[in-house]
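First the structure, in the form of structure tokens, and then the observations on it.
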Amino acid sequence: MYADVLIEYSAKAIDQTFTYIIPDRLKEDLKIGMKVLVPFGNKIINGFVTNIKNNYADTYELKEINDIVDKYFCLNEEMMELGKYLQAKTLCTKIAAYQTMLPSSLKVKEQKSNYSKYLTYIEINKDIKEIDEYIENNKRSKKQVEILNTLKEGKALKSSFSQSSVKTLLEKELIKIINVQIYRLNNHEAQNIKIEFSEDQEKALETIDLNSDKTYLLHGITGSGKTEVYIELIKRVVKSGKKAILLVPEISLTAQIVNKFYDRFGDDVAIFHSGLSAGEKYDEYLKILREEVHIVIGTRSAIFTPITKLGLIIIDEEHSETYKQDTTPRYHARDMAEFRKNYNHIPLILGSATPSLETMARALKGVYTYIPMNHRVGTSILPTVQIIDMSEELKKRNMIFSDTLKNKIRDRLIKKEQVILLLNRRGYSTVISCKSCGYTYKCPHCDITLTYHKTTNNLRCHYCGYTVFKSEECPECKEKALYDYGLGTEKLEQELSKLFPEARIVRMDADTTKNKGSHEDIINKFKDHEYDILLGTQMISKGLDFPLVTLVGVINADATLNIPDFRSGERTFSLLSQVAGRAGRSNLLGEVILQTFNPDSFTLKCVQEQDYMKLYNYEMKNRHKLDYPPYYYLTSIKVASKEYELASKEITKIKNYLEKKLSNKTIILGPTTANPFRINNIYRFQIILKYKIESNLMNTLKELDELYMTNNKVNIEIDNNPLQV
Ligand code: ADP
Ligand code: ZN
């Protein structure tokens, strides 16, 4: 017998299968979808079995597979098919597709290692008569007697006894050691929580047919109780013996939702996100492989968990851009979910308060079943939103906080209620420049100004990580005239504690959440009211549910509005509506303050009126006028090279090639410089394609990709349905 093995080799040009002989000793265990070790050249490398066959026609001399990496681990047929789909959709390498689907501890490239965690127990090794005899004859060895008496009741943790006595008993072979594998994340007990559903919730539950293979859009305003709908649906799925996947957009959200699920389902839940240790990931994966859990909750990549008997997929906050991976393979979790939905003939639920325009358009066309939830649960109502014109405040020398916001924060502190402040920019200040000569710190490798981080007194490039210490005087003119302007979360925190020294403030951004468990820690402490004010980047905007929060302030509502991108209106609306939705989620009334220099912005008006349809109609008109999604599909093609001239020449060649290959209905924009133009000393140019139907597209892109496969001076990067152009 022979196996086709996809080998792990970073070069794109060798992304193909090679045939190996299956030695007799492996015949029984080897299956398609397993990782194996194979000889390649003069090395032993990892590979992935994609096919097993009886015949081999060629006369070429074949080598044998060395070993199976992990005989318990094997991608099933659905996963193998999903891998093909992922590859076709994103044009990534075959091996990259399968690697994306495995957690890091099980990636093909990892050498064999044992992540299993064990607890060491001891138990009786002789029959009771012998044990009792020993006890009788050794009454004075009190500790030994105690151990034996305990073990007569059953096994016990080795660490809970005197180790010297344990050693003696082991030597006498009266007891023996057993290792029991444990899971790191476990021991949650399900509680019986009874919920009286709201009318909206009842309606949603009635509409969703778990035996169908429909896609539903659950369009529920913030606080309408979407999570309870998910829980009830999953309960029904589990009851029928099937399993479910729930995707959430960010790690910061998983803690809260996962705890809710632990409360309802106990240990029937496996979780996946990048904040888990390799060992935890391994354990969670095992729970699934061993069919021990019915529910998987996780971020984007959880869509690849090889859960069997799938009965339902839910994507919470479906509009979230975190569902698209921004490195190769550039897949969207929604597409992967659609594939699994069709494969398993099961329903898919997309939930959001602010659906993406694409999804809403499909729902209005009837491609998706539309389920609105327009009321908050209980007595809670949507917060009021006030827009503050910051140019007026500047006249009063209010640079960061308007009088209104200041007063309202003070009021909440007195009332012992909580506040959330959003500033979508981390670091201390955005720019440091010299008042004397105008010098600004820029990254020497990228077209980006450096961001000042005060706690570490350095400036960092948020693209490539380049770091430089801030000097006392200007590096250019040597004057002591360096001045910082612009505002980041770090500076906001400092200014806030100056204004409200009595307030307990916590900051949540990429810098304060580097350590494992820090997300949960901040969120749990804020929930327990150990802090009065939570400030942070967009990380804090989604899904969080804190009953004591009655004020949400957006320091700079323009941050996302002014980005030149066709989605910036949609993005701003959804960010601000989401963060506004954190206010007033209990019986306490909520208020939202938006600070802006564009008080007349249509988008902000829509946020103020909390009118999704108004924004939808406005944006759709614009998209129609400018040939943007959802009216047109987009593909971006980037060329990157260390050599400016070369990159520029190649992108022009590509344009000519595309013009020849594609229909004249397809719009080819560019070439232009990409944004940013230079990252890490690599120059980048891009072309944007806009099309409705382009039958030649995937073939052409594939040809293009293959043309540059072996070119080590120029890289090409193709992104179907890019989030930003
Ligand atoms: P959404 O996800 O739509 O923003 P959540 O599901 O987080 O809303 O619900 C908001 C709050 O209301 C949560 O604290 C939740 O526990 C509570 N809740 C949801 N449904 C009900 C219900 N039927 N009865 C009582 N409380 C509910
Ligand atoms: Zn840089």
Side-chain angles (χ1 to χ4, degrees), residues 190-208 216-236 244 246-250 252-265 295 297 299 314-320 322-323 349-355 359 370-383 385 417-418 420 523-524 526-529 538-550 552 573-590 592 607 610 612:
Q191 292 157 23
N192 204 354
I193 299 170
K194 265 252 160 296
I195 286 265
E196 190 90 28
F197 292 117
S198 71
E199 229 172 273
D200 280 350
Q201 286 171 325
E202 285 287 0
K203 193 101 193 281
L205 290 168
E206 266 168 38
T207 311
I208 294 164
Y216 297 91
L217 169 58
L218 187 63
H219 183 189
I221 61 168
T222 56
S224 58
K226 295 185 287 295
T227 315
E228 287 301 336
V229 174
Y230 305 154
I231 289 175
E232 179 61 24
L233 289 171
I234 291 175
K235 232 186 229 167
R236 294 177 186 179
L246 168 63
L247 296 186
V248 291
E250 317 225 8
S252 55
L253 245 178
T254 48
Q256 204 170 39
I257 230 167
V258 163
N259 283 334
K260 233 176 199 170
F261 272 75
Y262 281 153
D263 283 349
R264 307 300 178 85
F265 297 97
I295 304 162
I297 301 179
T299 45
I314 299 172
I315 304 184
D316 189 24
E317 315 279 0
E318 73 83 33
H319 63 279
S320 176
T322 52
Y323 287 125
I349 295 171
L350 308 174
S352 177
T354 54
T359 298
Y370 183 65
I371 307 174
M373 286 170 63
N374 294 326
H375 312 277
R376 279 194 162 185
V377 272
T379 52
S380 140
I381 53 171
L382 279 177
V385 180
E417 293 172 0
Q418 288 178 300
I420 287 181
I523 282 164
N524 289 336
F526 188 65
K527 183 141 201 162
D528 294 342
H529 205 177
Q538 99 296 335
M539 226 181 245
I540 61 168
S541 66
K542 286 188 214 94
L544 299 171
D545 186 34
F546 306 109
L548 276 180
V549 172
T550 55
V552 165
F573 178 82
S574 110
L575 174 71
L576 298 183
S577 308
Q578 289 291 335
V579 71
R582 300 313 107 216
R585 293 171 70 86
S586 57
N587 49 2
L588 302 169
L589 198 63
V592 180
V607 177
Q610 309 191 36
Y612 172 87

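Values below: every heavy atom of this structure, side chains too, minus hydrogens, waters and symmetry copies. Atoms within each ligand, like the ligands themselves, are counted from 1 in listed order.
For the ligand labelled ligand 1, residue Asp316 lies outside the 4.0 Å heavy-atom shell. The closest approach between Gly220 and ligand 1 stays at or above 4.0 Å for every heavy atom of the residue.
Contact atoms of ligand 1 toward Thr222: 4 (O) (distance under 4.0 Å to a heavy atom of the residue). For ligand 1, the atoms sitting less than 4.0 Å from at least one non-hydrogen atom of Phe197 are 23 (N), numbered in the order shown with element in parentheses. Of all atoms in ligand 1, listed by their number and element, those nearer than 4.0 Å to a heavy atom of Ile221 are 3 (O). Heavy-atom proximity to Ile195, at under 4.0 Å, picks out these atoms of ligand 1: 22 (C), 23 (N).
What sits closest to atom 2 (O) of ligand 1 on the protein, heavy atoms only, is Thr227 OG1, 3.2 Å. If you check which protein heavy atom lies closest to atom 10 (C) of ligand 1, you get Arg585 NH2, 3.6 Å. For atom 16 (O) of ligand 1, the nearest non-hydrogen atom of the protein is Lys260 NZ, 3.4 Å. For atom 17 (C) of ligand 1, the nearest protein heavy atom (residue, atom name, distance) is Val377 CG2, 4.1 Å.
Lys203 has no carboxylate O lying under 4.0 Å from a charged side-chain N of Glu199, or vice versa, which leaves the two without a salt bridge. Classification of Arg264 and Glu228 as a salt-bridged pair holds, one side-chain N sitting under 4.0 Å from a carboxylate O.
With no hydrogens or angles considered, a side-chain donor-acceptor pair links Gln578 and Glu317 at under 3.5 Å. Between the side chains of Thr359 and Glu318, at least one donor-acceptor pair of N or O atoms lies under 3.5 Å. For Thr222 and Arg376, the side-chain atoms include at least one donor-acceptor pair closer than 3.5 Å.
For a threshold of 3.5 Å applied to N or O pairs, the pair formed by Gly223 and ligand 1 contains at least one separation below that value. Polar contact check, Asp545 against ligand 1: a nitrogen or oxygen pair lies under 3.5 Å apart. In terms of N/O distances under 3.5 Å, ligand 1 is approached by Gly225.
Taking only non-hydrogen atoms, the option from Gln201, Glu199, Gln578 nearest to atom 20 (N) of ligand 1 is Gln201. With distances taken over non-hydrogen atoms, the option nearest atom 22 (C) of ligand 1 out of Glu196, Met373, Lys194, Glu228 is Glu196.
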Requested in this report: Walk me through it: do Leu218 and Leu350 pass the test side-chain contact (heavy atoms from CB on, under 4.5 Å)?
Outcome: CA-CA 6 Å; Leu218 187 63; Leu350 308 174; over 6 Å; no
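Under the 4.0 Å distance rule, the nearest protein heavy atom to atom 26 (N) of ligand 1 falls outside the cut-off.
For His219 and Tyr612, the distance between ring centers is under 6.0 angstrom.
A side-chain donor-acceptor contact under 3.5 Å links Asp200 to the backbone of Asn374.
Across Ile371 and Tyr216, no two heavy atoms sit closer than the pair CD1-CD2, 3.8 Å.
Using a 4.5 Å heavy-atom threshold, the side chains of Phe261 and Ile295 count as touching.
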